[in-house]
Amino acid sequence: MPADLLAIAHVRRLLLELGFEEAPEQIVPAALGYSLWVSLPIAELAGRTPKELVADAEGSAALRLWIVAQLGLDS
């Protein structure tokens, strides 16, 4: 559970930095919410979950890039 909370805090902070007060649907579907979403694998990130990704700097950076791409902010 602590890893879940750390992952949720990390993603929420990242979204705030990007200017989003609420999680956009293309990142965290409202039907799932953060608590379930952090445990789901992301195919584009070698099937790793957000919870696994935020455990190290390289994974955190990859998750940030994935979120930015999903939001269309990379252009």
Side-chain angles (χ1 to χ4, degrees):
M1 185 69 148
D4 290 0
L5 295 176
L6 289 173
I8 291 168
H10 179 83
V11 172
R12 290 193 67 183
R13 184 174 54 249
L14 172 58
L15 289 170
L16 283 171
E17 287 173 9
L18 295 171
F20 294 89
E21 291 196 26
E22 298 293 325
E25 280 281 322
Q26 64 264 46
I27 302 299
V28 182
L32 295 179
Y34 283 105
S35 358
L36 180 57
W37 180 78
V38 295
S39 297
L40 296 177
I42 299 172
E44 299 90 349
L45 296 174
R48 293 176 68 193
T49 67
K51 182 170 45 177
E52 295 169 331
L53 289 162
V54 301
D56 61 59
E58 186 178 305
S60 291
L63 182 60
R64 179 186 181 88
L65 290 173
W66 180 82
I67 289 173
V68 166
Q70 295 304 303
L71 295 173
L73 302 174
D74 55 347
S75 51

* Verdict with supporting geometry, R64 and L18, side-chain contact (heavy atoms from CB on, under 4.5 Å) -> CA-CA 10 Å; R64 179 186 181 88; L18 295 171; 4.1 Å; yes
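- Closest of all the heavy-atom pairs between I42 and P50 is CD1-CG, 3.8 Å.
- Separating the CZ atom in F20 from the CG atom in L71 is a distance of 4.5 Å, to the nearest 0.5 Å.
- Annotation: the span from R12 atom CZ to L5 atom CG amounts to 11.5 Å, rounded to 0.5 Å.
- Residue E58 holds its CD atom at 10.0 Å from CG of L53, rounded to the nearest 0.5 Å.
- E44 contributes atom CD, which lies 11.5 Å from atom CG of L63 (distance to the nearest 0.5 angstrom).
- When every heavy atom of V38 is checked against every heavy atom of A7, the shortest pair comes out as CG1-CB, 3.9 Å.
- The two residues G47 and P41 have their closest heavy-atom pair at O-CB, 3.0 Å.
- Annotation: Q26, atom CD; neighbour count of heavy atoms from other residues, nucleotides and ligands within 6.0 Å is above 12.
- Hydrophobic clustering keeps L73 apart from L65 (ILVMFWY residues linked when any side-chain heavy atoms are closer than 4.5 Å, directly or through intermediates).
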* Apply side-chain contact (heavy atoms from CB on, under 4.5 Å) to the pair L14 and E17, showing each step before the final yes or no. => CA-CA 5 Å; L14 172 58; E17 287 173 9; 4.2 Å; yes
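- Shortest non-hydrogen contact noted between R48 and G59 is NH1-CA, 4.4 Å.
- Annotation: the span from Y34 atom OH to I27 atom CD1 amounts to 9.5 Å, rounded to 0.5 Å.
- With values rounded to the nearest 0.5 angstrom, D4 atom CG is found 7.5 Å from S35 atom OG.
- Remark: E21 CD is loosely packed, at most 12 non-hydrogen atoms of other residues, nucleotides or ligands lying under 6.0 Å away.
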